[in-house]
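Quick notes on the structure that follows.
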Amino acid sequence: MRVMPSTVAQAAAWAQTLGLPRLDAQVLLLHALGRTPHDRAWLLAHSDDMLNATVQATFAAHVQRRLKTEPVAYITGQKEFFGLTLHVDPRVLDPRADTETLVEWALSCLADTPHPDVVDLGTGSGAIALALQHARPDAHVCAVEASADALAVARANAERLALPIAFHHGSWLTPLKGCTFDAIVSNPPYVASDDTHLAALKHEPLSALASGADGLDDIRCIVREAPQLLKPSGWLLLEHGFDQAHAVQTLLGNQGFVNVQSRPDLAGILRCTGGQWSTVE
Ligand code: GLN
């Protein structure tokens with residue numbers, strides 16, 4: 001077994017030889033050093049610094065956890081999302097940069113609506129709701145979550161970031177009876193329950209990932225319930241799997257949504273689909 005060398009540069013290189021991507025190695029090393037993930041330039045400037053034994057042991061243990069596919073965010077306890085630092089742990093899905101596409105789309109849909117009413121369904125860590133509230137301080141943002149454990153994480157993030165989200169515990173739109181929204185936004189579970197890809201996501205809550213035989217059970221439910229809670233011309237915007245854009249477009253079209261369209265993620269894959277609710281007969 002290779003012994004981990006003891007300078008900053010050698011430690012980062014060692015983790016990479018074990019198979020970690022450079023960015024993961026750098027973020028984990030910064031964490032072991034008690035520095036923020038923004039400090040990657042510091043690693044370069046201090047490449048010859050010696051690591052003390054505690055930092056070495058912590059870094060080595062964290063590298064082993066990452067090699068067993070645990071998300072970096074669970075190891076460091078935090079994730080950057082839309083410019084916000086969120087606290088995350090295994091009670092919530094690790095927020096993905098791809099989900100920023102959904103936030104950007106929602107913000108553009110709401111750009112001309114003063115004081116918009118918005119809800120994030122299945123908020124998890126609170127990522128989408130918090131990003132929207134931060135970008136639009138005039139918005140009234142609600143967030144719904146069925147998992148009490150996840151809701152505790154989201155509430156703590158909102159409190160720490162001083163963002164006034166109204167949280168509701170429950171399933172999809174059920175806790176919101178009587179409310180109406182300019183936009184309903186969601187990154188629901190959408191992986192098929194027998195998808196082999198789930199094995200690689202074993203550290204994350206299955207309830208945030210899997211959704212029935214074709215992965216669309218929760219999306220079908222949201223599409224069915226949303227019209228009752230959308231204002232005229234309100235938007236329903238959904239994240240979904242890499243191959244589900246057509247199916248989600250069809251669900252929205254069949255339900256009576258208009259202006260149905262999809263947006264690509266950072267890899268150019270159609271990752272979000274949405275439409276407007278039209279009350280015009
Ligand atoms: N984007 C995640 C993945 O497939 C799944 C997230 C979700 O189901 N909402 O890795």
Side-chain angles (χ1 to χ4, degrees), residues 21 23-24 65-75 79-82 86 88-106 119-132 143-147 149-151 153-154 157 170-173 183-226 236-249 251-252 262-274:
L23 179 61
D24 288 4
R65 283 169 63 182
R66 180 66 191 126
L67 288 169
K68 291 182 189 140
T69 73
E70 187 170 345
V72 170
Y74 291 168
I75 300 170
K79 182 70 165 251
E80 292 290 307
F81 183 83
F82 219 78
L86 304 175
V88 297
D89 64 36
R91 291 175 289 177
V92 296
L93 191 81
D94 173 15
R96 315 290 204 265
D98 289 329
T99 303
E100 294 179 346
T101 298
L102 194 64
V103 175
E104 273 164 7
W105 192 6
V119 62
D120 170 19
L121 301 178
T123 196
S125 62
I128 296 172
L130 293 164
L132 292 172
V144 176
E145 177 54 58
S147 153
D149 278 350
L151 200 55
V153 175
N157 276 321
S171 175
W172 305 130
L173 291 150
I184 296 173
V185 180
S186 184
N187 172 20
Y190 53 67
V191 181
S193 45
D194 65 351
D195 192 323
T196 51
H197 174 66
L198 285 172
L201 305 175
K202 63 172 188 267
H203 295 278
E204 297 183 78
L206 188 62
S207 61
L209 291 163
S211 187
D214 62 357
L216 290 168
D217 280 5
D218 288 293
I219 288 181
R220 270 190 285 271
C221 177
I222 294 168
V223 169
R224 204 168 46 234
E225 291 182 3
L236 173 60
L237 306 177
L238 298 164
E239 180 173 323
H240 52 69
F242 74 98
D243 57 355
Q244 293 172 333
H246 180 71
V248 179
Q249 286 181 9
L251 287 171
L252 288 167
S262 300
R263 293 282 163 103
D265 63 17
L266 300 171
I269 294 166
L270 291 179
R271 176 66 62 181
C272 301
T273 294

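Every number for a ligand or one of its atoms is a count from 1 in the order of the listing. Atoms considered below: every heavy atom in the structure, side chains included; atoms not considered: hydrogens, waters and symmetry mates.
- Only the side chain of L201 comes within 4.0 Å of ligand 1, counting heavy atoms alone; its backbone N, CA, C and O stay farther away.
- None of S207, S211, S186, S171 except one satisfies the side-chain hydrogen bond (donor to acceptor under 3.5 Å, both in side chains) rule with D218; the exception is S211.
- For A208, the heavy-atom gap to ligand 1 drops under 4.0 angstrom.
- With F81 as the partner, the side-chain contact (heavy atoms from CB on, under 4.5 Å) test is satisfied by one option alone out of D94, L130, V103: V103.
- With no hydrogens or angles considered, no side-chain donor-acceptor pair links T273 and Q249 at under 3.5 Å.
- D89 pairs by the side chain to side chain donor-acceptor pair (under 3.5 Å) definition with R91, not counting sequence neighbours.
- Summary of contacts: the protein heavy atom closest to atom 8 (O) of ligand 1 is Y190 N, 3.3 Å.
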Let me have the donor-acceptor pairs involving side chains of residues 194-202, under 3.5 Å, with sequence neighbours excluded, atom names and distances please.
unit_1, atom_1, unit_2, atom_2, d
D195, OD1, H197, N, 2.8

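- Taking distance alone, with nitrogen or oxygen atoms compared against 3.5 Å, N187 approaches ligand 1 more closely than that limit.
- For ligand 1, the atoms lying closer than 4.0 Å to a non-hydrogen atom of H197 are 3 (C), 4 (O), 10 (O).
- Listed by number with element, the atoms of ligand 1 under 4.0 Å from a non-hydrogen atom of L209 are 5 (C), 8 (O).
- For atom 10 (O) of ligand 1, the closest heavy atom belonging to the protein is R96 NH2, 3.1 Å.
- For atom 9 (N) of ligand 1, the nearest non-hydrogen atom from the set P189, G215, P188, A210 comes from P188.
- Considering backbone and side-chain N/O atoms, V191 never comes within less than 3.5 Å of an N/O atom of ligand 1.
- A side-chain contact (heavy atoms from CB on, under 4.5 Å) with L102 is found for exactly one of I128, L238, D120, D265, namely I128.
- Between the CG atom of L93 and the CG atom of L209 there is a distance of 5.5 Å, given to the nearest 0.5 Å.
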